[in-house]
Colleague: 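Please find one structure pasted underneath; my questions will follow.
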Amino acid sequence: MFTTIRSLKISYEVLGEGEPILLLHGWGGSLESMKALGSRLKDQGFKVILVDLPGFGKSDKPREAFWLEDYAQIIEEFLKQLEIENPVLFGHSFGGAISIKITTRKNVKVKKLILCNSSGIRLPKEKKQKVVGKVAKIVKAFARIPLLGRLYPYLRKFFYYYILGERDYIDHQEIAGTFEKVIVEDLTE
C-alpha cells in the first residue's frame, strides 16, 4: 500500500488486528527487513504497521537532506492518516532514533517505546573517534586544492568505506546528506 506525505510516496503494510505496533527499520533497511518480526507479532495478536522510511524500500527519496525532525514529522502524519492512536513504537537502529524523537516531541501519545540497537544515543568521544575526526578534516581540506579537489570524492569514499567501515554512508550515496544530518543529533537526554 502507499500513502502520500509531504509530496513523498510512502510504502507501508499492515498485518493483523489488535493493539497497534509500528516497526521502524534501520538505515539501509526496509519494511521487508521487519517482516519476520512483524509476522510473529501479528500471530501474538498485534496490529503490525510496517513502513518504508523515506529514501528506503519502495518509498520516495527526500528531495533535500532530512533531519530526524523531518522523519519524526512524516511518521507522525503517517500515524494520523492511518488513524493509529497510542501505538507501541519499535525502532531498530536509525528507526530507534526516529522513535526517540517522536516520543520526546509528544505530538503522538506513545504507549511503549522499544529500542533495539538504537542510534541517536551518543557516547563520550574516545581517542580513536577524535583522531578520525581530525583525519576527516584533513581529507576535506584536499577538496580546496584545485587539482586534488578532483580526487576528493574518491578519497572521501575510501575514508568512509575502508577506514571507518561506514558502508551505510557510501551504499546510500543518493541520500548521504541525510545520513550526515541524522548521525550528528544526540538524543541521550
Side-chain angles (χ1 to χ4, degrees), residues 1-38 41-42 46-122 166 168-189:
M1 293 183 269
F2 291 94
T3 190
T4 302
I5 302 171
R6 290 169 85 182
S7 302
L8 296 172
K9 186 173 76 171
I10 306 296
S11 171
Y12 72 97
E13 289 185 28
V14 178
L15 310 173
E17 294 294 325
E19 181 179 2
I21 182 167
L22 174 64
L23 306 182
L24 296 178
H25 62 79
W27 189 270
S30 70
L31 65 82
E32 294 295 326
S33 58
M34 303 300 272
K35 267 195 175 171
L37 175 60
L41 291 167
K42 176 192 76 155
F46 286 92
K47 177 180 185 175
V48 180
I49 302 101
L50 305 165
V51 63
D52 282 332
L53 294 167
F56 303 98
K58 296 176 185 171
S59 289
D60 288 344
K61 290 175 182 34
R63 288 168 193 77
E64 71 251 357
F66 269 19
W67 293 94
L68 282 175
E69 180 75 16
D70 297 304
Y71 281 98
Q73 289 173 5
I74 284 177
I75 295 302
E76 289 169 356
E77 179 62 29
F78 172 76
L79 290 168
K80 186 177 178 182
Q81 282 187 16
L82 269 61
E83 299 178 351
I84 304 293
E85 295 180 2
N86 205 22
V88 173
L89 291 184
F90 175 93
H92 171 253
S93 187
F94 175 55
I98 296 167
S99 298
I100 293 169
K101 192 72 167 179
I102 290 167
T103 303
T104 58
R105 283 170 42 85
K106 299 182 181 178
N107 293 334
V108 171
K109 184 177 179 187
V110 175
K111 182 173 183 177
K112 292 180 185 173
L113 174 63
I114 303 168
L115 303 174
C116 176
N117 289 339
S118 183
S119 64
I121 300 170
R122 305 287 172 239
E166 290 291 347
D168 287 340
Y169 178 83
I170 298 300
D171 292 345
H172 294 87
Q173 195 63 45
E174 64 278 0
I175 56 172
T178 295
F179 183 79
E180 291 172 357
K181 285 184 173 186
V182 300
I183 65 166
V184 297
E185 190 165 355
D186 186 359
L187 303 172
T188 303
E189 285 189 32

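Note that the coordinates shown come from a computational prediction; the quantities given were computed from them, not determined experimentally.
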Colleague: Please enumerate all residues that pass side-chain contact (heavy atoms from CB on, under 4.5 Å) together with T3, with sequence neighbours excluded.
Modeller: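 Listed in chain order: I5, I10, Y12, F78, Q81.
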
Colleague: With E185, which residues qualify under salt bridge (Lys or Arg N to Asp or Glu O under 4.0 Å), at least two apart?
Modeller: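 Testing E185 for salt bridge (Lys or Arg N to Asp or Glu O under 4.0 Å), a comparison that skips the adjacent residues, returns K101.
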
Colleague: Could you walk me through whether R105 and Q73 pass the side-chain contact (heavy atoms from CB on, under 4.5 Å) test, one step at a time?
Modeller: CA-CA 9 Å; R105 283 170 42 85; Q73 289 173 5; 3.6 Å; yes

Colleague: Atom CZ in F90, atom CD1 in I21: separation rounded to 0.5 Å?
Modeller: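 Reported to 0.5 Å precision, the distance equals 7.5 Å.
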
Colleague: How would you list, by chain and number, every residue that makes a ring-ring contact (aromatic ring centres under 6.0 Å, His included) with F46, sequence neighbours excluded?
Modeller: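 If we apply the ring-ring contact (aromatic ring centres under 6.0 Å, His included) test to F46, skipping adjacent residues, there are no hits.
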
Colleague: Could you report the tightest heavy-atom contact between G57 and S30, atom names first, then the distance?
Modeller: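 Reported closest heavy-atom pair: CA-CB, 3.9 Å.
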
Colleague: Can you measure from CG (L22) to CG (L50) and round to the nearest 0.5 angstrom?
Modeller: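 Going from the CG atom of L22 to the CG atom of L50 covers 8.5 Å.
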
Colleague: Assess the residue pair V88 and I114 against the criterion (side-chain contact (heavy atoms from CB on, under 4.5 Å)); give the C-alpha distance rounded to whole Å, side-chain angles, the decisive distance to 0.1 Å, and a yes or no.
Modeller: CA-CA 8 Å; V88 173; I114 303 168; 3.8 Å; yes

Colleague: Tell me which one of L15, L41, L31 satisfies side-chain contact (heavy atoms from CB on, under 4.5 Å) with L23.
Modeller: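 When L15, L41, L31 are each tested with L23, the side-chain contact (heavy atoms from CB on, under 4.5 Å) holds only for L41.
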
Colleague: Check side-chain contact (heavy atoms from CB on, under 4.5 Å) between I84 and all other residues, then give those that pass, not counting sequence neighbours.
Modeller: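 Once residues adjacent in sequence are excluded, the partners of I84 under the side-chain contact (heavy atoms from CB on, under 4.5 Å) criterion are P20, K47, I49, L79, L82, P87.
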
Colleague: Which residues satisfy the salt bridge (Lys or Arg N to Asp or Glu O under 4.0 Å) test with K58, sequence neighbours excluded?
Modeller: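 Listed in chain order: nothing, the list is empty.
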
Colleague: So which atom in P54 and which in L8 form the shortest heavy-atom distance, rounded to 0.1 Å?
Modeller: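 Result for this residue pair: CB-CD1, 4.1 Å.
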
Colleague: More than 12 heavy atoms of other residues, nucleotides or ligands under 6.0 Å from CG of N117: is that the case?
Modeller: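 Incorrect, the count does not exceed 12.
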
Colleague: Can you list the residues that meet the salt bridge (Lys or Arg N to Asp or Glu O under 4.0 Å) rule with K35, with sequence neighbours excluded?
Modeller: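 With neighbours one apart ignored, the set is E13, E32.
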
Colleague: For residues S118 and L115, report the shortest heavy-atom separation together with the two atoms involved.
Modeller: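 Reported closest heavy-atom pair: CB-CB, 3.8 Å.
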
Colleague: Hey, what do you get for CD (E64) to CH2 (W67), rounding to the nearest 0.5 Å?
Modeller: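 Interatomic distance, E64 CD to W67 CH2, rounded to 0.5 Å: 12.0 Å.
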
Colleague: Measure across M1 and V14 and return the closest heavy-atom pair with its distance rounded to 0.1 Å.
Modeller: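 It is CE-N, 3.8 Å.
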
Colleague: Can you name the side-chain hydrogen bond (donor to acceptor under 3.5 Å, both in side chains) partners of N86, sequence neighbours left out?
Modeller: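 Counting only residues at least two positions away or on another chain, N86 forms no side-chain hydrogen bond (donor to acceptor under 3.5 Å, both in side chains).
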
Colleague: Could you check whether any side-chain heavy atom of I75 comes within less than 4.5 Å of a side-chain heavy atom of L53, counting everything from C-beta outward?
Modeller: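 Side chain of I75 against side chain of L53, heavy atoms only: contact under 4.5 Å found.
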
Colleague: Quick one: NZ on K80 to CG on N107, what's the gap to the nearest 0.5 Å?
Modeller: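 Taking NZ in K80 and CG in N107, the distance rounds to 10.0 Å.
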
Colleague: What residue among S119, S99, C116 forms side-chain contact (heavy atoms from CB on, under 4.5 Å) with H92?
Modeller: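 Of the listed options, the one satisfying the test is C116.
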
Colleague: So, does S59 use its side chain to make a donor-acceptor pair with the main chain of G55 at under 3.5 Å?
Modeller: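 No, S59 side chain to G55 backbone: no donor-acceptor pair under 3.5 Å.
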
Colleague: My understanding is that only residues two or more places apart in sequence, or in another chain, count here; which of them pass ring-ring contact (aromatic ring centres under 6.0 Å, His included) with F94?
Modeller: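 W27, Y71.
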
Colleague: Could I get the full list of side-chain hydrogen bond (donor to acceptor under 3.5 Å, both in side chains) partners for K111, not counting sequence neighbours?
Modeller: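 For K111, the residues satisfying side-chain hydrogen bond (donor to acceptor under 3.5 Å, both in side chains) (neighbours in sequence not counted) are E19.
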
Colleague: Restricting to side-chain hydrogen bond (donor to acceptor under 3.5 Å, both in side chains), what partner residues turn up for S11, sequence neighbours left out?
Modeller: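 For S11, the residues satisfying side-chain hydrogen bond (donor to acceptor under 3.5 Å, both in side chains) (neighbours in sequence not counted) are D52.
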
Colleague: Which heavy atom of H25 sits nearest a heavy atom of V51, and at what distance?
Modeller: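 In terms of heavy atoms, the two residues are closest at CD2-O, 3.2 Å.
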
Colleague: Applying side-chain contact (heavy atoms from CB on, under 4.5 Å), can you list everything that pairs with K9, at least two apart in sequence or on another chain?
Modeller: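 In terms of side-chain contact (heavy atoms from CB on, under 4.5 Å), with neighbours along the sequence ignored, K9 is linked to F2, D60.
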
Colleague: Just jot down the salt bridge (Lys or Arg N to Asp or Glu O under 4.0 Å) partners of R6, sequence neighbours excluded, or say none.
Modeller: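 Expected list: D70.
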
